[in-house]
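Before I ask anything, here is the structure I am working with.
The model shown is predicted, which means the values in this text are computed figures rather than measured ones.
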There are 2 protein chains.
Amino acid sequence: MKKAEAYNRLVEKGIRPSVQRLAILDYLIKHPTHPNIEDVYKALENKVPTLSRTTVYNTLRMLSEVNAAQMITINEHRVCYDGNIEPHVHFYCKNCGKIIDLFDEQAPRVTETKVIDGNIVQEEQLYYKGICSACAQKMEKKTN
Amino acid sequence: MKKAEAYNRLVEKGIRPSVQRLAILDYLIKHPTHPNIEDVYKALENKVPTLSRTTVYNTLRMLSEVNAAQMITINEHRVCYDGNIEPHVHFYCKNCGKIIDLFDEQAPRVTETKVIDGNIVQEEQLYYKGICSACAQKMEKKTN
DNA sequence: ATGGGTGCAAAGGATTTGCAACATT
DNA sequence: AATGTTGCAAATCCTTTGCACCCAT
């Protein structure tokens with residue numbers, strides 16, 4: 001249950017590693033399931049009894065602002081987060097809403113600062129949308 | 001002020017071209033500014049006096065479901081829409097929230113149905129995040 | 001007349017805000 | 001003591017829903 005990685009990442013980014021922040025980032029790193037705010041809150045409310053949703057909101061926003069986590073906004077009205085900050089492609093299932101990592105797809109590479117028409121690019125995101133394999137199977141069954 | 005393109009696109013997709021739907025899709029096609037629901041509503045409420053936000057919501061959702069428009073979800077809690085259904089890269093300014101089209105960047109091509117690990121890919125989206133040229137200039141001024 | 005389309009008002013949820021309490025240096 | 005953090009409750013804002021009306025076929 002070491003939280004070394006979370007701890008280091010916070011310190012590197014100049015963020016004071018409070019109990020809450022450590023717990024949240026550690027959870028994110030250890031659970032690459034693209035949790036949303038509520039998921040994180042539910043998972044931690046027992047371990048960090050005083051934890052509030054507000055803190056989860058604030059912390060996750062801050063983490064994504066300093067690139068200590070990735071904010072994923074594919075799902076229309078439910079932001080979720082990814083503790084994996086290596087660039088990788090995401091697949092979003094329109095049916096069940098699940099987000100799957102596609103590590104084998106070529107992701108836009110992190111270049112040194114790239115400028116296009118004067119616009120300074122800091123992050124790149126590529127995602128696919130469609131039907132995930134689990135949902136596709138279920139649908140096939142019903143059709144038969 | 002012809003709405004031929006909007007009309008044709010609706011009919012092609014099997015959607016009845018009501019006054020409201022025509023107005024909304026036409027607006028989207030003629031204003032490639034990535035408007036959100038409110039933008040579209042404000043722009044049309046005078047021209048289509050009875051128009052309701054509900055109809056804008058319903059119509060834009062429907063249009064994106066049948067691929068007569070693109071739903072863009074970069075901005076955390078404000079979905080916006082694009083009448084341009086050719087694949088192209090979007091740039092999102094973290095500072096002012098503006099979304100800019102990058103037609104010269106290579107966009108993920110629309111392939112025939114692509115399947116990855118059993119997941120059926122139907123759409124692909126690539127976007128960049130950073131600071132747009134206008135904001136970058138303003139910031140530079142302040143710094144000097 | 002009938003089925004789809006629209007619009008109002010109300011409900012529902014997610015996120016933000018203001019502020020007081022708290023922890024840490 | 002001073003500064004940065006946290007958490008509660010309330011406020012806000014976006015979106016959806018239920019239902020009645022309306023229009024076109």
Side-chain angles (χ1 to χ4, degrees), chain A residues 3 6-7 9-11 13-27 34-66 68-69 71-81 94 97 99, chain B residues 3 6-7 9-11 13-27 34-66 68-69 71-81 94 97 99:
Chain A
K3 299 187 179 179
Y7 184 90
R9 207 183 284 183
L10 287 176
V11 173
K13 302 290 184 179
I15 296 172
R16 199 184 292 186
S18 70
V19 173
Q20 291 87 338
R21 289 168 179 173
L22 259 176
I24 292 169
L25 181 51
D26 182 63
Y27 179 83
H34 312 99
N36 57 37
I37 304 278
E38 195 64 17
D39 295 333
V40 174
Y41 176 72
K42 288 286 180 208
L44 296 178
E45 62 176 341
N46 292 322
K47 293 173 188 166
V48 186
T50 71
L51 189 66
S52 74
R53 251 172 273 261
T54 304
T55 297
V56 179
Y57 275 103
N58 292 340
T59 301
L60 288 175
R61 174 145 39 106
M62 159 182 271
L63 291 177
S64 72
E65 277 171 1
V66 302
M71 182 173 65
I72 302 175
T73 56
I74 307 176
N75 190 339
E76 304 163 57
H77 290 287
R78 200 128 192 180
V79 173
C80 65
Y81 292 87
K94 289 175 175 180
I99 291 175
Chain B
K3 299 187 179 178
Y7 184 90
R9 208 184 283 182
L10 288 176
V11 174
K13 302 290 183 179
I15 296 173
R16 198 182 295 186
S18 71
V19 173
Q20 291 87 337
R21 289 169 178 172
L22 258 176
I24 292 169
L25 181 50
D26 182 64
Y27 179 83
H34 313 97
N36 58 39
I37 304 279
E38 195 63 18
D39 295 334
V40 174
Y41 176 72
K42 287 287 180 206
L44 296 178
E45 63 176 338
N46 292 320
K47 293 173 189 166
V48 186
T50 69
L51 189 67
S52 74
R53 253 172 273 261
T54 305
T55 297
V56 179
Y57 275 102
N58 291 339
T59 302
L60 288 176
R61 173 146 40 104
M62 159 182 271
L63 291 177
S64 71
E65 277 170 0
V66 301
M71 181 173 63
I72 302 174
T73 57
I74 307 176
N75 190 338
E76 305 164 56
H77 289 290
R78 201 126 190 183
V79 174
C80 64
Y81 292 86
K94 290 175 174 180
I99 292 175

Output all residues satisfying side chain to side chain contact (heavy atoms under 4.5 Å, CB included) with B/N36, sequence neighbours left out; order by chain, then residue number. B/E38, B/D39, B/R78, B/C80
Quick check on contacts: within residues 16-23 of chain B, what sits under 4.0 Å from DNA chain C by heavy-atom distance? B/R16, B/S18, B/Q20, B/R21
The criterion is salt bridge (charged side-chain N to carboxylate O under 4.0 Å, His left out); which residues satisfy it with A/K94, sequence neighbours excluded? B/E123
Students should find this one: the first and last nucleotides of DNA chain D, 5' to 3', lying under 4.0 Å from a heavy atom of chain A. What are they? D/dG4 to D/dT15
Passing option when B/Q20 is tested against B/L25, B/L44, B/V48, B/N58 for side chain to side chain contact (heavy atoms under 4.5 Å, CB included): B/V48
Shortest non-hydrogen separation from B/R16 to B/R21 and the atoms involved: O-NH1, 3.1 Å
Can you name the nearest heavy-atom pair linking A/R9 to A/A68, along with the distance? NH1-O, 2.8 Å
Both A/R61 and B/S52 contact DNA chain C. Which one's nearest nucleotide lies toward the 5' end? B/S52
If we only count heavy atoms from C-beta on, is the A/T73 to B/N75 side-chain gap below 4.5 Å? no
Taking C-beta and beyond as the side chain, do A/Y81 and A/H34 meet within less than 4.5 Å on heavy atoms? no
Test item: B/D26 and B/Y7 side chains (from C-beta on) under 4.5 Å apart, heavy atoms: no
DNA chain C: 5'-most and 3'-most nucleotides touching chain A, 4.0 angstrom heavy-atom criterion: C/dA14 to C/dT17
Hey, does A/V79 have a side-chain heavy atom less than 4.5 Å from the side chain of A/I37? no
Restricting to side chain to side chain contact (heavy atoms under 4.5 Å, CB included), what partner residues turn up for A/E45, sequence neighbours left out? A/Y41, A/K42
